[in-house]
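Notes to accompany the following structure.
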Amino acid sequence: MGELSDLDRQIEQLRRCELIKESEVKALCAKARWVSAPLSTWDSPEPLFWGVFGHFWVLLGFLRLPCPSPVGGDVPETNYLFMGDFVDRGFYSVETFLLLLALKGSDTAGTQLGHSWDTPGTHLGHSWDRWDTAAAAGAEGYLGHTWGYLVAPGDIWGCIFCVHGGLSPSIQTLDQIRTIDRKQEVPHDGPMCDLLWSDPEGTAG
């Protein structure tokens, strides 16, 4: 068996829920980062996840399911679309997001990560406790910068609209979404904010 590449080694390490070096976080973020179109088109990614919330072992359970499976399986045999909420509640939020970034970087078949926050910093909390303080500060900066490069809404088969947040009263057509500047901090209001953060209201009419 050939020697593992750096990325493959990092994936194996992260699958064991082991920390990787700050320099490796930087390289991983650089590999996974690119400016995505404000509206991305996919051919049947499955399954779809709207929230992982840092539950590392739950994520790993889905990845360990035998392929083919309608609800999981390993990458790249299974294409995933994760629509955000990668961190926050689980103790291993950092490792969860890093593993997803690594899988995205290794998967040419099309696993995609959606976007729900403009920065993960305030949502990682105690997940940094296992890191050296200086390394945590550097890694958090790399992750925060990468956040702004994740895809926004998705269009599957031209007939399924996937979005983490909700619809926007400012948007009437998909072409209007395509004109949005994707690479930006999420504003506090407006169409980008609505697509990523808004929740439906029970308002009639």
Side-chain angles (χ1 to χ4, degrees), residues 7 10-11 14-15 17 20 25 28-65 67-124 127 139 142-157 160-166 177 182-183 186 192 194-199:
L7 182 57
Q10 291 163 17
I11 290 174
L14 288 167
R15 283 179 186 267
C17 204
I20 60 176
V25 174
L28 189 60
C29 289
K31 183 175 180 62
R33 187 186 304 145
W34 63 82
V35 177
S36 300
L39 178 68
S40 299
T41 302
W42 297 294
D43 295 323
S44 185
E46 54 181 347
L48 280 68
F49 284 79
W50 259 259
V52 181
F53 291 106
H55 295 302
F56 179 87
W57 301 110
V58 174
L59 171 63
L60 207 63
F62 281 101
L63 292 172
R64 287 172 173 169
L65 289 173
C67 294
S69 167
V71 295
D74 209 350
V75 174
E77 291 78 17
T78 301
N79 293 338
Y80 289 90
L81 174 54
F82 294 91
M83 289 306 300
D85 281 336
F86 310 111
V87 303
D88 193 5
R89 300 171 190 170
F91 189 73
Y92 297 103
S93 286
V94 175
E95 290 83 353
T96 299
F97 187 45
L98 286 174
L99 178 57
L100 289 172
L101 281 179
L103 292 174
K104 174 181 171 65
S106 71
D107 178 18
T108 57
T111 289
Q112 295 286 349
L113 304 183
H115 180 290
S116 58
W117 289 310
D118 55 333
T119 172
T122 57
H123 302 279
L124 290 172
S127 297
Y142 303 137
L143 293 179
H145 187 52
T146 302
W147 225 249
Y149 286 80
L150 302 180
V151 299
D155 173 23
I156 300 178
W157 303 318
I160 301 175
F161 181 66
C162 298
V163 63
H164 178 82
I177 298 177
R182 175 63 197 90
K183 183 60 185 74
V186 182
M192 175 64 82
D194 293 336
L195 291 172
L196 299 180
W197 288 351
S198 70
D199 291 319

Under 3.5 Å: donor-acceptor pair, side chain of Tyr80, backbone of Lys104:
no
Find out whether Val75 and Leu63 are in side-chain contact, i.e. whether some heavy atom of one side chain is under 4.5 Å from a heavy atom of the other.
yes
When rounded to the nearest 0.5 Å, the distance separating CG of Leu14 from CD1 of Ile20 is 4.5 Å
Check: Val25 and Val94 side chains under 4.5 Å, non-hydrogen atoms
no
Atom pair SG (Cys29) and CG (Leu143), whose distance is rounded to the nearest 0.5 Å
4.5 Å
Leu195 vs Ile177 side-chain heavy atoms within contact, under 4.5 Å
yes
Taking salt bridge (Lys or Arg N to Asp or Glu O under 4.0 Å) as the test, write out the residues that go with Asp74, two or more places apart.
Arg15
For Phe62 and Val71 the tightest heavy-atom approach is CD2-O, 3.1 Å
With rounding to the nearest 0.5 Å, note down the distance linking CZ in Phe53 to OG in Ser93.
10.0 Å
Please report the closest heavy-atom contact between Ile156 and Cys162, naming both atoms and the distance.
CD1-SG, 3.6 Å
Could you grab the distance from atom CG of Leu65 to atom OG1 of Thr78, nearest 0.5 Å is fine?
8.5 Å
Spatial distance of atom CZ (Phe91) from atom SG (Cys17) [nearest 0.5 Å]:
9.5 Å
Validation row: Leu7, Gln10 side chains within 4.5 angstrom (heavy atoms):
yes
Mind running side chain to side chain contact (heavy atoms under 4.5 Å, CB included) on Thr96 and Trp57 for me, showing each step along the way?
CA-CA 9 Å; Thr96 299; Trp57 301 110; over 6 Å; no
Verdict with reasoning, Phe82 to Leu59, per side chain to side chain contact (heavy atoms under 4.5 Å, CB included)
CA-CA 11 Å; Phe82 294 91; Leu59 171 63; 4.0 Å; yes
Check the pair Leu196 / Val163 against side chain to side chain contact (heavy atoms under 4.5 Å, CB included), numbers first and verdict last.
CA-CA 7 Å; Leu196 299 180; Val163 63; 5.7 Å; no
